[in-house]
2 protein chains.
Amino acid sequence: MDKRSISSSMEDYLKTIFELGETSVKTQTLAEELSVSSASVTGMLKKLSDLKLVHYERYHGVSLSKAGRLIALETLRHHRLIETYLTEALGYSWHEVHDEAEKLEHHISEDFEDRIAELLGHPTYDPHGDPIPQRDGSVPVSLGKPLTEQHEQETLVITRVKEQKGDVLKYLAEHQLIPGSEITLIQKAPFNGPLTIKTSRQTVALAFELAKLIEVERLAVLDSSS
Amino acid sequence: MDKRSISSSMEDYLKTIFELGETSVKTQTLAEELSVSSASVTGMLKKLSDLKLVHYERYHGVSLSKAGRLIALETLRHHRLIETYLTEALGYSWHEVHDEAEKLEHHISEDFEDRIAELLGHPTYDPHGDPIPQRDGSVPVSLGKPLTEQHEQETLVITRVKEQKGDVLKYLAEHQLIPGSEITLIQKAPFNGPLTIKTSRQTVALAFELAKLIEVERLAVLDSSS
DNA sequence: TAAAAAACTTAGTCTTGCTTAAAAATAGTT
DNA sequence: AACTATTTTTAAGCAAGACTAAGTTTTTTA
């Protein structure tokens with residue numbers, strides 16, 4: 001109940017559990033994601049469990065409780081609002097915002113949150129196309145599907161890029177692979193091989209693992225009525 | 001040398017030592033200012049001394065080293081730039097900015113600092129009239145003198161209000177007692193009694209201790225040669 | 001289905017920054 | 001100059017959050 005008793009560290013754990021999926025999350029996965037030892041994760045999960053923020057059963061993974069989910073969403077909202085604000089108001093490039101937001105998300109007040117949300121016109125997606133959780137705990141839907149699941153020759157619009165690493169994002173931006181861009185999937189090499197993509201400017205080949213992180217929507221459905 | 005090894009707590013100590021005066025600062029004074037026990041202060045001073053950030057002699061107070069002073073100024077620069085930014089860009093009132101800045105000052109990057117400084121036109125004073133240390137370590141001069149040192153009947157301009165408490169600041173703002181305002185010192189009661197002040201709107205009486213925190217400049221010197 | 005491998009937890013430490021209580025040094029007073 | 005009062009420091013310990021090493025439990029594999 002008392003939000004003041006939740007540390008930055010706890011917020012990071014809760015946020016990460018949320019991001020790793022609605023289903024049960026394993027100790028090791030969390031450890032890797034948070035760059036921390038498994039033993040540290042176990043220790044923290046016990047603490048979060050005592051606070052009723054997670055459902056945790058020894059040896060069997062963890063998932064968020066209702067209360068924990070709210071804190072995760074709040075933290076994620078901070079993160080994504082800050083990323084949006086840095087981009088829109090302070091002229092950051094999208095590959096520069098993650099680290100700054102990662103620190104600030106734990107230290108802004110609700111008042112600050114409200115003010116930047118207001119100033120940005122209550123955005124629903126951040127510069128990466130990630131949905132921004134709303135104050136009421138709802139999360140805007142993401143209609144896009146991974147690029148890897150699309151058919152060849154289809155014309156698509158990028159809706160989201162689920163990558164965090166600055167250098168990768170910089171590379172993608174240099175090739176116009178950002179939300180809103182129109183692309184055509186030229187070829188998918190077999191055995192999870194690279195995907196060849198045509199942008200407005202050029203043709204690029206993307207590793208399967210990277211393409212999986214790019215979500216797209218079909219530009220227009222033309223084969224059916226109207 | 002490695003700035004990453006300086007904690008938020010250390011930054012607060014250094015900043016506070018700086019604010020408490022160029023001269024040697026006592027353990028107890030620091031303890032009160034930081035809301036911490038004297039024993040904690042002693043412990044931290046030993047650590048800061050090992051890092052060569054302060055000159056500390058047991059039982060005889062502490063002062064900043066050159067390196068410590070730079071960190072204090074950097075922290076103070078963050079604080080005052082953030083206060084200015086919150087006021088100018090996010091519509092905060094001056095009595096709301098302190099607490100927010102107090103948290104954020106430890107967590108913004110140099111990049112963020114540069115961007116907001118640029119956006120604000122490299123300001124030299126914050127909304128309270130406090131000088132904003134510059135990146136090179138210089139501090140803009142403050143020419144004002146405490147209201148308590150002025151003569152009666154003098155017309156003055158407020159240049160600085162050295163108060164932090166939100167409720168007091170709110171009260172002062174409601175009476176136009178903010179930097180830039182023109183006032184006349186009507187009367188100084190003897191024995192450090194209250195001061196009577198005329199603003200553009202009304203006449204107010206201020207406790208001596210509060211008036212001491214208000215710095216002013218004479219509006220114009222008319223008695224000497226052009 | 002039992003042995004080997006992998007994943008997870010427990011136990012014991014470390015660091016930071018804080019606390020209280022007791023001891024030591026400085027300052028003030030007569 | 002000595003005694004008391006004040007200030008400061010030392011000592012011991014706590015809580016958070018991390019670590020390593022060792023011990024369990026679960027899963028995989030033969």
Side-chain angles (χ1 to χ4, degrees), chain A residues 1-17 20-21 23-64 68 71-72 75 102-103 105-107, chain B residues 1-17 20-21 23-64 68 71-72 75 102-103 105-107:
Chain A
M1 282 296 161
D2 185 5
K3 257 192 89 203
R4 297 310 117 87
S5 63
I6 281 128
S7 66
S8 299
S9 207
M10 289 175 179
E11 287 180 354
D12 278 334
Y13 275 85
L14 295 171
K15 189 184 67 166
T16 305
I17 294 169
L20 289 175
T23 167
S24 174
V25 175
K26 288 193 298 175
T27 300
Q28 204 163 35
T29 318
L30 263 176
E32 280 161 19
E33 199 66 25
L34 292 162
S35 305
V36 132
S37 73
S38 296
S40 302
V41 172
T42 299
M44 182 58 98
L45 292 185
K46 277 201 274 191
K47 195 173 307 179
L48 293 173
S49 184
D50 289 347
L51 291 170
K52 308 268 189 237
L53 298 174
V54 298
H55 302 298
Y56 169 56
E57 212 180 337
R58 267 157 71 261
Y59 293 101
H60 294 288
V62 71
S63 62
L64 294 175
I71 293 169
T75 307
E102 198 65 26
K103 288 178 298 170
E105 62 186 8
H106 306 297
H107 304 288
Chain B
M1 280 298 163
D2 185 6
K3 254 190 97 203
R4 296 312 117 86
S5 63
I6 282 129
S7 66
S8 298
S9 206
M10 288 173 178
E11 287 181 354
D12 277 334
Y13 276 85
L14 294 170
K15 190 184 68 167
T16 305
I17 295 168
L20 289 175
T23 167
S24 173
V25 175
K26 288 193 297 174
T27 300
Q28 204 162 34
T29 317
L30 263 176
E32 281 161 18
E33 200 67 22
L34 292 163
S35 306
V36 134
S37 73
S38 295
S40 303
V41 172
T42 300
M44 182 58 97
L45 291 185
K46 278 201 274 191
K47 193 173 307 177
L48 292 173
S49 183
D50 289 348
L51 291 169
K52 310 269 190 236
L53 297 174
V54 299
H55 302 298
Y56 168 56
E57 212 179 337
R58 269 159 69 261
Y59 293 102
H60 292 288
V62 71
S63 62
L64 294 176
I71 293 169
T75 307
E102 198 66 25
K103 288 179 296 171
E105 62 186 6
H106 306 298
H107 304 287

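Note on naming: letters A, B, ... go to the chains in the order of the sequence lines (proteins, then strands), and numbering restarts at 1 for each one.
- When the side-chain nitrogen and oxygen atoms of Ser40(A) are compared with OP1 and OP2 of dC19(D), one or more of them lie within a distance under 4.0 Å.
- Among all heavy-atom pairs drawn from Val41(B) and Val36(B), the shortest one is CG2-CG1, 3.9 Å.
- Following rounding to the nearest Å, His106(B) (NE2) and dG17(C) (P) show an atom-to-atom distance of 12 Å.
- In this model, the phosphate group of dC8(C) is not approached by any side-chain N or O of His60(A) to a distance below 4.0 Å at OP1 or OP2.
- Across the protein-nucleic acid pair, Lys47(B) atom NZ and dC14(C) atom C1' stand 13 Å apart, rounded to whole Å.
- The nearest pair of heavy atoms linking Ile71(B) to Glu11(B) is CG2-CG, 4.3 Å.
- Proximity of Ser7(B) to the phosphate of dG17(C): a side-chain N or O atom is located under 4.0 Å from OP1 or OP2.
- Listed pair Tyr56(B) / dT9(D) meets the phosphate criterion, a side-chain N or O lying under 4.0 Å from OP1 or OP2.
- In this structure, Thr42(B) does not reach the dT10(D) phosphate: none of its side-chain N or O atoms is under 4.0 Å from OP1 or OP2.
- In this structure, CG of Leu34(B) is placed 10 Å from P of dT19(C), rounded to the nearest angstrom.
- The phosphate of dC18(C) has OP1 or OP2 within less than 4.0 Å of a side-chain N or O from Tyr13(B).
- Each of Val36(A) and Leu45(B) was matched to the nucleotide of DNA chain D holding its nearest heavy atom; the match closer to the 5' end belongs to Leu45(B).
- Here the closest non-hydrogen pair linking Glu105(A) and Thr75(A) is OE1-O, 3.8 Å.
- Closest non-hydrogen pair, His107(A) versus Ser8(A), comes out as CE1-OG, 4.0 Å.
- The side chain of Tyr59(B) has dT8(D) as its nearest neighbour among dT19(C), dT8(D), dG17(D).
- Applying the 4.0 Å criterion to OP1 and OP2 of dT10(C), one finds that Lys46(A) has a side-chain N or O inside that range.
- For the OP1/OP2 pair of dC8(C) and a distance below 4.0 Å, the side-chain nitrogens and oxygens of Lys26(A) include no atom meeting the criterion.
- For Glu33(B), the CD atom sits in a loose shell: 12 or fewer heavy atoms of surrounding residues, nucleotides or ligands are nearer than 6.0 Å.
- Rounded to a whole Å, the CD1 atom of Ile6(B) is 13 Å from the P atom of dT16(C).
- Proximity of Arg58(A) to the phosphate of dA7(C): no side-chain N or O atom is located under 4.0 Å from OP1 or OP2.
- Neither OP1 nor OP2 of dA7(C) sits under 4.0 Å from any side-chain N or O of Ser38(A).
- For Gln28(A) and dA6(C), the shortest distance from a side-chain N or O to OP1 or OP2 is not below 4.0 Å.
- Atom-to-atom, CG of Asp50(A) to C1' of dA16(D) comes out at 14 Å; the value is rounded to the nearest Å.
- Between Ser9(B) and dT16(C) there is no side-chain polar atom (N or O) within less than 4.0 angstrom of OP1 or OP2.
- The separation between Met44(B) atom CE and dT19(C) atom P is 11 Å, rounded to whole Å.
- In terms of phosphate contacts, Ser37(B) brings a side-chain nitrogen or oxygen within less than 4.0 Å of OP1 or OP2 of dT19(C).
- When Ile6(B), Leu14(B), Val62(B) are each tested for a side chain to side chain contact (heavy atoms under 4.5 Å, CB included) with Leu48(B), only one passes: Leu14(B).
- In this entry the distance linking CE of Met10(A) with C1' of dA18(D) reads 14 Å, nearest Å.
- Rounded to whole Å, atom P of dT6(D) lies 14 Å from atom CD of Glu32(B).
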